[in-house]
Participant: 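After the structure tokens below, expect a handful of questions from me.
Along the sequence shown, the residues carry numbers beginning at 1.
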Amino acid sequence: MKIYDISMAISQDMQVYKNRDAMRPQLSVMRDYTDSNAYESQLSMHLHTGTHMDAPLHMVQGGDTIDKLDLSKVITWCKVVDMTEVSGGITRQDLEGKGIEKGDFVLLKTKNSFSDTFDDEFVFVEKSGAAFLKEAGIKGVGIDSLGIERSQPDHETHATLMGEDIPILEGLRLAAIEEGRYFLLAVPVRIADAEAAPVRALLLQNDPMDS
Ligand SMILES: [Zn+2]
């Protein structure tokens, strides 16, 4: 079975949103073999750093938290859609004619996947693109930027998707992935009452139950 890891490695020097130091993960060794017979470390990180999933609470007051996520939405077939020709916001026109159907989990592969440094002009889902995905009745959406939107002060993209309980997966790495159908495993860490959580996102070529 071919397994594609589409998540970012967590490290101190990884790209973080707007290069903010507060978003940088801190991994510290609590004990090691120099003075102990075991190795233990501690990680401190922002929940929107690296590959992660947003829950409705992130943008909707009183919205559901990440631990309430229906896992059948994130262990599922998905479609990787090539958006590498798009600059700026992905619009309705960009998504039309791409074979996006009701019940799809859509992963948007953009130019973002080809850079390991944060770009202020990263490709995002513009509000008309979010409206298209909502109307199509998708099950979930993923993108290779650290945020699914920017430059939209009212966060219409988050609000549109979260209003439909559509999980949003951010910070994917899709450079090596060709457009097509894959089995997605994108289970967020079960953090009680949180608005987001880190994900180790994987794509499989086949249904794991078949092999
Ligand atoms: Zn986020």
Side-chain angles (χ1 to χ4, degrees), residues 1 3-12 14-17 20 22-31 38-80 103-108 125 130 133-134 138-149 155 157-174 177 182-204 206-211:
M1 176 172 43
I3 301 172
Y4 298 97
D5 191 338
I6 55 167
S7 41
M8 289 184 186
I10 306 288
S11 76
Q12 221 134 309
M14 71 189 297
Q15 62 165 310
V16 293
Y17 196 72
R20 289 176 183 150
M23 314 270 305
R24 227 165 264 297
Q26 301 295 331
L27 187 67
S28 43
V29 177
M30 308 307 286
R31 60 195 276 218
Y39 194 104
E40 291 177 12
S41 40
Q42 176 173 293
L43 173 66
S44 166
M45 69 183 266
H46 195 282
L47 293 181
H48 301 265
T49 288
T51 308
H52 68 280
M53 188 163 285
D54 284 351
L57 178 63
H58 181 41
M59 292 289 172
V60 179
Q61 202 173 2
D64 266 351
T65 52
I66 199 71
D67 49 323
K68 305 283 193 314
L69 175 72
D70 173 359
L71 294 180
S72 69
K73 289 186 175 177
V74 295
I75 304 173
T76 180
W77 286 101
C78 72
K79 277 182 189 165
V80 175
D104 282 346
F105 199 115
V106 179
L107 301 187
L108 302 168
V125 177
L133 294 172
K134 171 191 159 178
I138 62 160
K139 182 195 255 186
V141 62
I143 190 163
D144 48 11
S145 52
L146 288 168
I148 197 167
E149 74 180 305
H155 304 297
T157 292
H158 275 94
T160 299
L161 299 169
M162 286 171 165
E164 298 296 307
D165 267 338
I166 296 169
I168 301 173
L169 188 54
E170 297 172 328
L172 297 175
R173 298 283 81 191
L174 297 170
I177 310 299
Y182 299 86
F183 197 85
L184 171 71
L185 297 166
V187 180
V189 175
R190 191 177 180 183
I191 305 175
D193 305 326
E195 86 297 348
V199 172
R200 179 75 178 261
L202 306 173
L203 291 180
L204 312 179
N206 304 75
D207 185 333
M209 298 308 185
D210 288 346
S211 49

Participant: So does Arg173 pair up with Asp5, basic N to acidic O under 4.0 Å?
Facilitator: no
Participant: Check for a donor-acceptor pair, side chain of Glu149 on one end and backbone N or O of His158 on the other, with a separation under 3.5 Å.
Facilitator: yes
Participant: Test side chain to side chain contact (heavy atoms under 4.5 Å, CB included) on Leu69 and Val74; report intermediate values, then the result.
Facilitator: CA-CA 9 Å; Leu69 175 72; Val74 295; 3.9 Å; yes
Participant: Assess the residue pair Val80 and Leu203 against the criterion (side chain to side chain contact (heavy atoms under 4.5 Å, CB included)); give the C-alpha distance rounded to whole Å, side-chain angles, the decisive distance to 0.1 Å, and a yes or no.
Facilitator: CA-CA 10 Å; Val80 175; Leu203 291 180; 4.0 Å; yes
Participant: If you measure from the Lys or Arg side-chain nitrogens to the Asp or Glu carboxylate oxygens, is any gap between Asp67 and Arg190 under 4.0 Å?
Facilitator: no
Participant: Step by step, would you call Val199 with Val187 a side chain to side chain contact (heavy atoms under 4.5 Å, CB included)?
Facilitator: CA-CA 6 Å; Val199 172; Val187 180; 6.0 Å; no
Participant: Does atom NZ of Lys134 have more than 12 heavy-atom neighbours, drawn from other residues, nucleotides or ligands, at distances under 6.0 Å?
Facilitator: no
Participant: Between CG of Leu185 and OG1 of Thr76, what distance do you get to the nearest 0.5 Å?
Facilitator: 10.0 Å
Participant: Decide yes or no for Met1 and Leu204: does some side-chain heavy atom of the first lie under 4.5 Å from some side-chain heavy atom of the second?
Facilitator: yes
Participant: Is a side-chain donor or acceptor of His58 paired with a backbone partner of Pro56 at a separation under 3.5 angstrom?
Facilitator: no
Participant: Examine distances only and state if a side-chain atom of Asp104 and a backbone atom of Val106 form a donor-acceptor pair shorter than 3.5 Å.
Facilitator: no
Participant: List the atom of Met14, the atom of Pro25, and the distance in Å for their closest heavy-atom pair.
Facilitator: SD-CG, 3.6 Å
Participant: For Trp77, which of Phe105, Tyr182, Phe183 qualifies under ring-ring contact (aromatic ring centres under 6.0 Å, His included)?
Facilitator: Phe183
Participant: Is any side-chain heavy atom of Ile6 less than 4.5 Å from a side-chain heavy atom of Ile177?
Facilitator: yes
Participant: If you take all heavy atoms of Ile66 and Ala196, which pair is closest and at what distance?
Facilitator: CG2-O, 3.8 Å
Participant: Which atom names give the shortest non-hydrogen contact between Gly62 and Leu57, and what distance separates them?
Facilitator: N-CD1, 4.1 Å
Participant: Quick check: are there more than 12 heavy atoms from other residues, nucleotides or ligands sitting under 6.0 Å from CZ of Arg200?
Facilitator: no
Participant: Determine whether a donor-acceptor pair (N or O, by modelled atom type, separation under 3.5 Å) exists between the side chain of Thr49 and the backbone of Met23.
Facilitator: yes
Participant: For a 4.5 angstrom cut-off between non-hydrogen side-chain atoms, does Leu184 reach Leu202?
Facilitator: no
Participant: Treating Thr51 as the side-chain partner and Met8 as the backbone partner, does any N or O pair qualify as donor plus acceptor under 3.5 Å?
Facilitator: yes
Participant: Rounded to the nearest 0.5 Å, what's the gap from SG on Cys78 to CD1 on Ile138? Could you check?
Facilitator: 11.5 Å
Participant: When rounded to the nearest 0.5 angstrom, what is the spacing between NZ in Lys79 and NZ in Lys139?
Facilitator: 12.0 Å
Participant: Could you give the distance from CD1 (Ile10) to CZ (Arg24), rounded to the nearest 0.5 Å?
Facilitator: 12.5 Å
Participant: Is it the case that the side chain of Lys73 and the backbone of Asp165 share a donor-acceptor pair, with hydrogens and angles ignored and the cut-off at 3.5 Å?
Facilitator: yes
Participant: I'd like to know if the side chain of Gln26 and the backbone of Ser44 have a donor-acceptor N/O pair within less than 3.5 Å.
Facilitator: no
Participant: Side chains of Val125 and Leu108: does their closest heavy-atom pair fall under 4.5 Å?
Facilitator: yes
Participant: With a 4.5 Å heavy-atom cut-off, do Glu195 and Asp54 have their side chains touching?
Facilitator: no
Participant: From Met53 CE over to Ile168 CD1, what is the distance, rounded to the nearest 0.5 angstrom?
Facilitator: 9.0 Å
Participant: Is there side-chain contact between Leu133 and Ile166, with at least one heavy-atom pair below 4.5 Å?
Facilitator: no
Participant: Would you mind reporting whether Ser7 and Leu172 have side-chain heavy atoms less than 4.5 Å apart?
Facilitator: no
Participant: Can you measure from CG (Leu27) to CE (Met45) and round to the nearest 0.5 angstrom?
Facilitator: 10.5 Å
Participant: Can you tell if the side chain of Pro167 reaches within under 4.5 Å of the side chain of Asp70, non-hydrogen atoms only?
Facilitator: no
